[in-house]
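As structure tokens, the structure follows; a few thoughts come after it.
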Amino acid sequence: MKKKVKILIVCILMIIFLPYLNVELLTFRYGKDFELKEYNMVTGISYCKVMKYRKNYAEVLYVCKGEATILVKYERDDSGEWVDNYWECIWSASGSADEFIWPYYR
């Protein structure tokens with residue numbers, strides 16, 4: 001019985017922490033491609049996290065501590081450069097945006 005409980009606890013912990021590990025690995029590997037100081041009307045970006053990465057598509061979360069969190073979706077153009085084609089404010093200190101994204105960064 002104790003072995004089953006330990007296995008269950010390990011499975012639950014893996015379910016909780018595996019998405020964070022995946023994002024951290026993607027950020028470590030591809031984060032340099034997406035580092036920005038500012039994006040559109042948002043300045044003072046504290047850090048970014050690469051949420052998804054494919055050959056021609058990426059989703060990057062930009063966090064401005066205490067101000068806003070923005071999800072930007074990129075696609076590669078014909079020249080191989082990353083071009084943003086969509087952005088969404090996930091969280092804002094002014095309260096105008098309060099969406100949830102997993103894994104949770106704020």
Within this structure, what is the NZ-SG distance for the pair Lys6 and Cys11, rounded to the nearest 0.5 Å? 14.0 Å

Would you name the heavy atoms of Cys48 and Val60 that are closest together and state the gap between them? CB-CG1, 3.9 Å

Shared-cluster residues of Met14, by chain and number - hydrophobic side chains joined below 4.5 Å: Val10

For Arg29, the side chain to side chain donor-acceptor pair (under 3.5 Å) test, sequence neighbours excluded, returns none

Quick check on the hydrophobic clustering: are Val5 and Ile16 connected, directly or via other members, by side-chain heavy-atom contacts under 4.5 Å? yes

Are any non-hydrogen side-chain atoms of Ile70 and Ile90 less than 4.5 angstrom apart? no

Could you work out, with ring-ring contact (aromatic ring centres under 6.0 Å, His included) as the rule, every residue matching Phe34, not counting sequence neighbours? Tyr74, Trp82

Given the rule that I, L, V, M, F, W and Y join up when any side-chain heavy atoms are under 4.5 Å apart, are Leu8 and Phe17 in one cluster? yes

For Leu26 and Val50, the nearest pair of non-hydrogen atoms, with its separation, is CB-O, 3.6 Å

Roughly how far apart are Lys52 NZ and Glu59 CD, rounded to 0.5 Å? 4.5 Å

Does the distance from a Lys or Arg side-chain N to an Asp or Glu carboxylate O, for Glu24 and Lys49, drop under 4.0 Å? yes

Is it possible for you to say whether Ile9 and Ile12 belong to one hydrophobic cluster, with membership spreading through side-chain heavy-atom contacts below 4.5 Å? yes

Between OG1 of Thr27 and CG of Asn22, what distance do you get to the nearest 0.5 Å? 9.0 Å

So, taking the atom named SG in Cys64 and the one named CD1 in Ile45, what distance separates them when rounded to the nearest 0.5 Å? 5.0 Å

What distance separates Glu81 CD from Asp33 CG, expressed to the nearest 0.5 Å? 9.5 Å

Checking Glu75 now: which residues fulfil side chain to side chain donor-acceptor pair (under 3.5 Å) with it, not counting sequence neighbours? Asn85

List the residues meeting side chain to side chain donor-acceptor pair (under 3.5 Å) with Asp77, not counting sequence neighbours, and say none if there are none. Ser79

Under the side chain to side chain contact (heavy atoms under 4.5 Å, CB included) criterion, do Lys73 and Trp87 qualify, and how do the steps go? CA-CA 6 Å; Lys73 297 180 181 181; Trp87 69 272; over 6 Å; no

Just so I know, are the side chains of Thr69 and Tyr62 near enough to count as touching, which here means a heavy-atom distance under 4.5 Å? no

Mind checking ring-ring contact (aromatic ring centres under 6.0 Å, His included) for Tyr30 and listing every partner two or more places apart, or none if nothing turns up? Tyr53

Can you name the nearest heavy-atom pair linking Arg76 to Lys55, along with the distance? NE-O, 2.8 Å

